[in-house]
2 protein chains.
Amino acid sequence: MLKLSKKADYGLMALQHIASNQYGDVAQARVVNTKEIAEEYHIPVELLAKVLQTLSKSGIIESHNGPKGGYLLGKNPREITIAHVLESLEGPLGIMDCSHEKDGDACMQREHCNIRTPLLKIQSSIYQLLNNMTLQDMMGGTPLITIQSVTTEQQGVER
Amino acid sequence: MLKLSKKADYGLMALQHIASNQYGDVAQARVVNTKEIAEEYHIPVELLAKVLQTLSKSGIIESHNGPKGGYLLGKNPREITIAHVLESLEGPLGIMDCSHEKDGDACMQREHCNIRTPLLKIQSSIYQLLNNMTLQDMMGGTPLITIQSVTTEQQGVER
DNA sequence: TTTTATACGACTGATTTGATCGGAGATCAT
DNA sequence: ATGATCTCCGATCAAATCAGTCGTATAAAA
């Protein structure tokens, strides 16, 4: 329950990868393409492509066509919030249907609804949480890639 | 996105209704049945029944069979957390697939996954949020039922 | 024993989601 | 400049999940 979709998963993975290659320790902005990311994380290529297209439309990343093309971050990692990414991929996030409805499309039980107010508070809290966390924060805690470990043991593991 | 299911909606509504009738200003514990709740909130009866059965199994409410039967709260409203209700109705809540997996069913991209750690933090925060809010808290903020208003103006609007 | 209510399981239709295919546009090499 | 290649892009298809339905069984009160 409350599980986010594959699209969201793949999107976040890809963004983390792009950000790492662009702002990482290599210190040179590198354009990465869809195929590269898909193979790295074992994601179906076409599906990932669609995800990246959506993110591109939202201005989160920039697409570059042609050979040697690919994607680049559209903003600074600090300015890319998780909330924006998720909303871009899966539409406006709301705990319930009547989160931000207009007067017309009120749900049937709206006038007798007794849980709307407290749920709105919960929703607001979750949104704040997702809106305060940025891609920059996600880069900090990469669990398996530790730069120090590369210097200590150099057994062909440079990624 | 992140929208909770109808089952969860209906379950919360029903619980709020049951709690209000049991601990409300009427000051007498009243057993409410499925049909009554369904009509009050315009919910399909059979679906609500299923939801209430599930909640009953979890010990959140108690079922009483036969005529004059119905449902009663199984615990004090302060001890019924939103998290418990949601988990009861929709299974364990987790932002991602690999939230609490055993060693066996690791996902394909697990070893290269770069977003697991930060997402776990988000998930933990959401769980705390839902685990700290109880049914008691939801009763406090009932928007349409105001006890004071009944005393001030008694124009047949007692709901 | 009849009435009234919940408990339980199987089933159907619809919505959402995951995944796939063919084409359009841009860039580099010649 | 032009062709060939590589990428992004939009439309389409299949699978899984979910909301809702139906019929039957069981239990308690009158």
Side-chain angles (χ1 to χ4, degrees), chain A residues 1-11 13-14 18 30-39 41-72 74 86 88-94 96-97 107-109, chain B residues 1-14 18 30-39 41-72 74 86 88-91 93-94 96-97 107-109:
Chain A
M1 126 126 264
L2 278 183
K3 199 179 55 179
L4 32 76
S5 67
K6 295 283 183 191
K7 275 196 269 188
D9 283 349
Y10 297 160
M13 285 188 201
I18 295 174
R30 202 170 72 81
V31 183
V32 294
N33 60 21
T34 306
K35 190 180 168 192
E36 172 186 335
I37 302 177
E39 287 177 350
Y41 300 100
H42 302 91
I43 299 173
V45 197
E46 298 85 359
L47 182 55
L48 178 62
K50 203 169 153 192
V51 169
L52 293 178
Q53 288 161 24
T54 307
L55 290 177
S56 174
K57 267 196 213 165
S58 303
I60 296 175
I61 56 178
E62 286 176 357
S63 71
H64 291 269
N65 241 339
K68 283 195 59 182
Y71 291 97
L72 239 59
L86 295 183
S88 167
L89 291 175
E90 305 198 38
L93 55 84
M96 48 203 159
D97 301 319
C107 69
M108 196 51 65
Q109 43 267 114
Chain B
M1 125 127 264
L2 278 184
K3 199 178 53 179
L4 33 76
S5 67
K6 296 285 184 192
K7 276 195 268 188
D9 283 348
Y10 297 160
L12 289 175
M13 285 189 200
I18 295 174
R30 203 170 72 80
V31 183
V32 294
N33 60 22
T34 308
K35 190 180 168 194
E36 173 187 333
I37 302 177
E39 288 177 352
Y41 300 99
H42 302 93
I43 300 174
V45 195
E46 298 85 359
L47 183 54
L48 178 61
K50 214 166 151 187
V51 169
L52 292 178
Q53 288 163 24
T54 307
L55 290 177
S56 174
K57 267 196 212 163
S58 303
I60 296 175
I61 56 178
E62 286 176 357
S63 72
H64 291 269
N65 242 340
K68 283 197 58 185
Y71 291 97
L72 239 59
L86 295 184
S88 166
L89 290 175
E90 307 198 37
L93 53 85
M96 50 203 156
D97 301 320
C107 70
M108 196 51 65
Q109 45 265 113

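Just so we're clear, the structure is a prediction, and the values are computed from it rather than from any experiment.
Scanning all heavy atoms of the two residues, the minimum distance from A/A14 to A/L52 falls at CB-CD2, 3.9 Å. Closest approach of A/R30 to A/L72, counting heavy atoms only: O-CD1, 3.8 Å.
Between the NZ atom of A/K7 and the CG atom of A/L55 there is a distance of 10.5 Å, given to the nearest 0.5 Å. In this structure, CE in B/M13 is found 8.0 Å from NZ in B/K6, a value given to the nearest 0.5 Å. Taking CD1 of A/I18 as the reference point, atom OH of A/Y71 lies at 8.5 Å (rounded to 0.5 Å). Atom OG1 of A/T34 and atom NZ of A/K50 lie 14.0 Å apart (nearest 0.5 Å). Here CG of B/L48 is found 5.0 Å from CD1 of B/I43. Values are rounded to the nearest 0.5 Å.
For C/dT17, the OP1/OP2 oxygens have no side-chain nitrogen or oxygen of A/Y10 closer than 4.0 Å.
Along DNA chain D, read 5' to 3', the first and last nucleotides having any atom under 4.0 Å from a heavy atom of chain B are D/dA19 to D/dA29.
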Per-nucleotide protein contact along nucleotides 4-14 of chain C, 5' to 3', at a 4.0 Å heavy-atom cut-off (B base, S sugar-phosphate only, - neither), is BSBBB-B----
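Take A/L4 and apply the side chain to side chain contact (heavy atoms under 4.5 Å, CB included) test, not counting sequence neighbours, and it matches A/A8, A/D9, A/L86, A/E90, B/M1, B/I95.
Put simply, NZ on B/K6 is 12 Å from P on C/dT15, counting in whole angstrom units.
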